[in-house]
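Naming: A, B, ... by sequence-line order, numbering from 1 per chain.
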There are 2 protein chains.
Amino acid sequence: MIASNTSCIVERFSSFTPLNETETKLLAALESDPREYADGACLAEPGSRANRFFTLKSGWACATRTLANGQRQILDIFLPGQILGLREMSFEYNLSEFRALTNLVACPFPRQHLSDIFEQSPKLTDLFFMTLAQEQSMLIERVVNIGRRTAAERLAHFIVELKVRLNQTSEQFSLPLKQSVIGDTLSLSSVHVSRTFKTLNQRGLITMADGVVRINDLDALVEFAGFDRSYLEGHCHWTKNIDMAAAAS
Amino acid sequence: MIASNTSCIVERFSSFTPLNETETKLLAALESDPREYADGACLAEPGSRANRFFTLKSGWACATRTLANGQRQILDIFLPGQILGLREMSFEYNLSEFRALTNLVACPFPRQHLSDIFEQSPKLTDLFFMTLAQEQSMLIERVVNIGRRTAAERLAHFIVELKVRLNQTSEQFSLPLKQSVIGDTLSLSSVHVSRTFKTLNQRGLITMADGVVRINDLDALVEFAGFDRSYLEGHCHWTKNIDMAAAAS
DNA sequence: CGTGGGGTTGATTCTTATCAATTCGGGTGG
DNA sequence: CCACCCGAATTGATAAGAATCAACCCCACG
């Protein structure tokens, strides 16, 4: 059976700016076709035509690139409410592969739905622009993370980022990822991820058991990771102008 | 004195889709205020209000992040015709620093100009969306590069990418970057960049002298770097629909 | 001539990958 | 309930890649 029928996307977007009925309907169209995918299932192949995107309703997914020598790099971890493949929109073919990291429910929708939104609602267009910009800043943080931080700092940063993105207020949350997946995200071997968890544990920063991370000392962890949450905080700036323009006309 | 008065942005955008007079004028407004900056000059500080962007008319620039411990990571290398800070648009404050890598000419413009464009031209909005998506795919390629390739592969990939972005058809081009800058881009020490140039040279792939790279065997270099140019090739998909809609109304 | 910045080279150290062996935990089938 | 299997996690030993440190060269520029 298929999970909840509230729209994750509408929920997320309306947290930035109020949406009218038309806008809500346009967005809801993106989530009209919920389907289940099993852990490990592939939602889109690299190189296939980029004419279908997904909204993620529940579960975790990722975008990956696989190199000729078989090495894998995970580019994004997607959480419910996100759109899979937004950046591929401007490309003829998918550059990356989209894969389920847990059992999940996602809604495929054709490119045309996005085109409709761009034609009909400048406000929503802005919000999509913002979404893309936010994704980009996460990517930048990943470049910094992989390029300039040690294994322990990377893992600490990764955990804090997830905690913030999950909107977790309690000091523990479920992390349903294999260590090999975490490794492919942070450019570490799975073996070293294991070691690094141990290190963070020994430093008294986190405890990991049964797929649940417990953050013992958030401030220390944030400090240790060099984490600055501002890169996750997108704004919708010019929407007001557009609203005013619309009201004036 | 200030360089050429043709608009780089108009040129770049019109290579994707034809622009009418209004659109050209809107874009040209972004380049109305050319200014010179010296090599090493800082165009925008991290943490400052993100209300001013730049178009780059000539010279090279970069976006960087500096960590608490002083390490630096270069996030983008900007070439003429690009916009500096597009992704910061959805943020209240700049996340990164923008710095001149050569003497250059750039045109600052206020956020309002972009807002105007978004309000007045869905077609240009699409093109900006595409630009952002293209930047994002370059960033992804950088993640893969830093995360999963050896120093020699990274440098090879970097050089091929620049060659393609510069639209260079000849087998050599000017690379006005210090090795420390290349290192900060590829997450290598400047010392190791030096060594890596030597390695590539010994393999007969490139020759570097006097700030000029000569590519001896492009096919071999592309093969060695694992380079696939498709990530640089953005498309403008739904513009046609919008044109048709506009024509119909 | 000095001086200084960038580039090169060699020696050493550190971090992380790789390989191999072992443990742990969750199914499955007898 | 137990034996078995399998994938994941852990641990240790070793090796490779890149950083760091230090010395030196080269050259442009005063």
Side-chain angles (χ1 to χ4, degrees), chain A residues 38-40 60 67 69-74 100-103 144-159 174-203 206-213 224, chain B residues 38-40 60 67 69-74 101-103 144-159 174-203 206-213 224-225:
Chain A
D39 182 7
W60 294 33
L67 301 199
N69 60 18
Q71 287 188 97
R72 206 167 62 125
Q73 177 66 49
I74 291 180
L101 292 174
T102 65
N103 292 329
V144 173
N145 213 20
I146 293 176
R148 293 289 160 188
R149 289 199 255 255
T150 66
E153 290 164 348
R154 278 185 228 183
L155 184 56
H157 192 279
F158 179 73
I159 287 174
S174 157
L175 181 63
L177 302 179
K178 286 185 295 192
Q179 295 190 344
S180 64
V181 168
I182 298 175
D184 284 342
T185 306
L186 301 177
S187 299
L188 298 171
S189 70
S190 62
V191 175
H192 206 61
V193 170
S194 168
R195 266 190 266 270
T196 307
F197 265 118
K198 193 179 164 194
T199 306
L200 291 184
N201 190 356
Q202 284 168 344
R203 290 186 184 231
I206 65 168
T207 326
M208 175 82 192
D210 275 341
V212 173
V213 194
F224 177 75
Chain B
D39 183 7
W60 295 33
L67 302 199
N69 60 18
Q71 286 188 99
R72 205 167 62 123
Q73 177 66 48
I74 291 180
L101 291 175
T102 65
N103 294 328
V144 173
N145 214 18
I146 293 177
R148 294 288 154 178
R149 289 199 254 254
T150 65
E153 291 165 348
R154 277 183 229 183
L155 184 56
H157 193 278
F158 179 71
I159 287 175
S174 155
L175 182 62
L177 301 178
K178 286 185 294 193
Q179 296 191 345
S180 64
V181 168
I182 299 175
D184 285 343
T185 307
L186 303 177
S187 299
L188 299 170
S189 69
S190 64
V191 174
H192 206 61
V193 170
S194 169
R195 263 190 267 272
T196 306
F197 266 118
K198 194 180 165 195
T199 305
L200 291 184
N201 190 357
Q202 285 170 343
R203 290 186 184 231
I206 66 168
T207 326
M208 175 83 193
D210 276 340
V212 173
V213 195
F224 177 75

- [ ] Select one nucleotide: of C:dA17, D:dT20, D:dA18, the one nearest the side-chain heavy atoms of B:Thr150.
- [x]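 Within the option list, the nearest is D:dA18.
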Open item on the list: Would you say that B:His157 contacts B:Leu186 through its side chain, given a criterion of any heavy-atom pair below 4.5 Å between the two side chains?
Closed with: no
- [ ] May I ask you to evaluate whether A:Gln179 reaches the phosphate of D:dG7, defined as a side-chain N or O under 4.0 Å from OP1 or OP2?
- [x]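 Result: no.
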Open item on the list: What's the closest nucleotide to the side chain of B:Lys178 if the choices are D:dA9, C:dG6, C:dA17?
Closed with: C:dG6
- [ ] Could you state the atom-to-atom distance from CZ of B:Arg149 to P of D:dA18 in whole Å?
- [x] 13 Å
Open item on the list: Heavy atoms only, 4.0 Å cut-off, all strands: where does B:Ser187 land among base, sugar-phosphate and nothing?
Closed with: sugar-phosphate
- [ ] Using atom CD of A:Gln71 as one end and atom P of D:dG17 as the other, report the distance to the nearest whole Å.
- [x]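 Answer to the nearest Å: 12 Å.
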Open item on the list: Let me spell it out: for each of A:Asp210 and A:Ser189, pick the nucleotide of DNA chain C with the closest heavy atom. Which residue's pick is nearer the 5' end?
Closed with: A:Ser189
Task: A:Ser194 vs D:dA9: side-chain N/O to OP1/OP2 distance below 4.0 Å - done: no
Open item on the list: Quiz question: going by heavy-atom distance under 3.5 Å, is there a donor-acceptor pair between the base of C:dG10 and the side chain of B:Arg195?
Closed with: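 When only heavy-atom distances are counted, B:Arg195 does reach the base of C:dG10 through a donor-acceptor pair under 3.5 Å.
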Open item on the list: Checking contacts here: which listed nucleotide (D:dA18, C:dC19, C:dT9) is nearest the side-chain heavy atoms of B:His192?
Closed with: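 For B:His192, the side-chain atoms sit closest to D:dA18.
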Task: Any side-chain heavy-atom pair of B:Thr199 and B:Leu155 under 4.5 Å - done: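 Answer no - side chains too far apart.
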Open item on the list: What I want to check is whether an N or O donor and acceptor connect the side chain of A:Arg154 with the base of C:dT15 at under 3.5 Å.
Closed with: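 Counting by modelled atom types and ignoring angles, no donor-acceptor contact under 3.5 Å is found here.
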Task: d(CZ, B:Arg148; P, D:dA18) in whole Å - done: 14 Å
Task: Between C:dG10 (P) and B:Lys198 (NZ): distance, integer Å - done: 6 Å
Open item on the list: Please classify the nucleic acid contact of A:Val193 as base, sugar-phosphate, or nothing, using heavy-atom distances under 4.0 Å.
Closed with: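 No contact.
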Task: 4.5 Å side-chain heavy-atom contact, B:Phe158 and B:Leu177 - done: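 Contact flag for B:Phe158/B:Leu177 side chains = yes.
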Open item on the list: Using only atom types and a distance under 3.5 Å, with no angle test, would you say the side chain of B:Arg154 pairs donor to acceptor with the backbone of B:Ser187?
Closed with: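 Confirmed, B:Arg154 side chain pairs with B:Ser187 backbone.
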Open item on the list: Could you tell me how far apart A:Asn69 (CG) and C:dA17 (P) are, to the nearest whole angstrom?
Closed with: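 A:Asn69 atom CG is separated from C:dA17 atom P by 14 Å.
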Task: Distance in angstrom units between A:Leu188 CG and D:dA18 P, rounded - done: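 A:Leu188 atom CG is separated from D:dA18 atom P by 15 Å.
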Task: Derivation of the salt bridge (Lys or Arg N to Asp or Glu O under 4.0 Å) call for B:Asp184 and B:Lys178 - done: CA-CA 10 Å; B:Asp184 285 343; B:Lys178 286 185 294 193; over 6 Å; no
TODO: Would you mind reading off the distance between A:Leu200 atom CG and D:dT10 atom P, rounded to a whole angstrom?
DONE: 12 Å
TODO: Calculate the interatomic distance between A:Ile182 atom CD1 and D:dT10 atom P; express it in whole Å.
DONE: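 Those two atoms, CD1 and P, are 10 Å apart.
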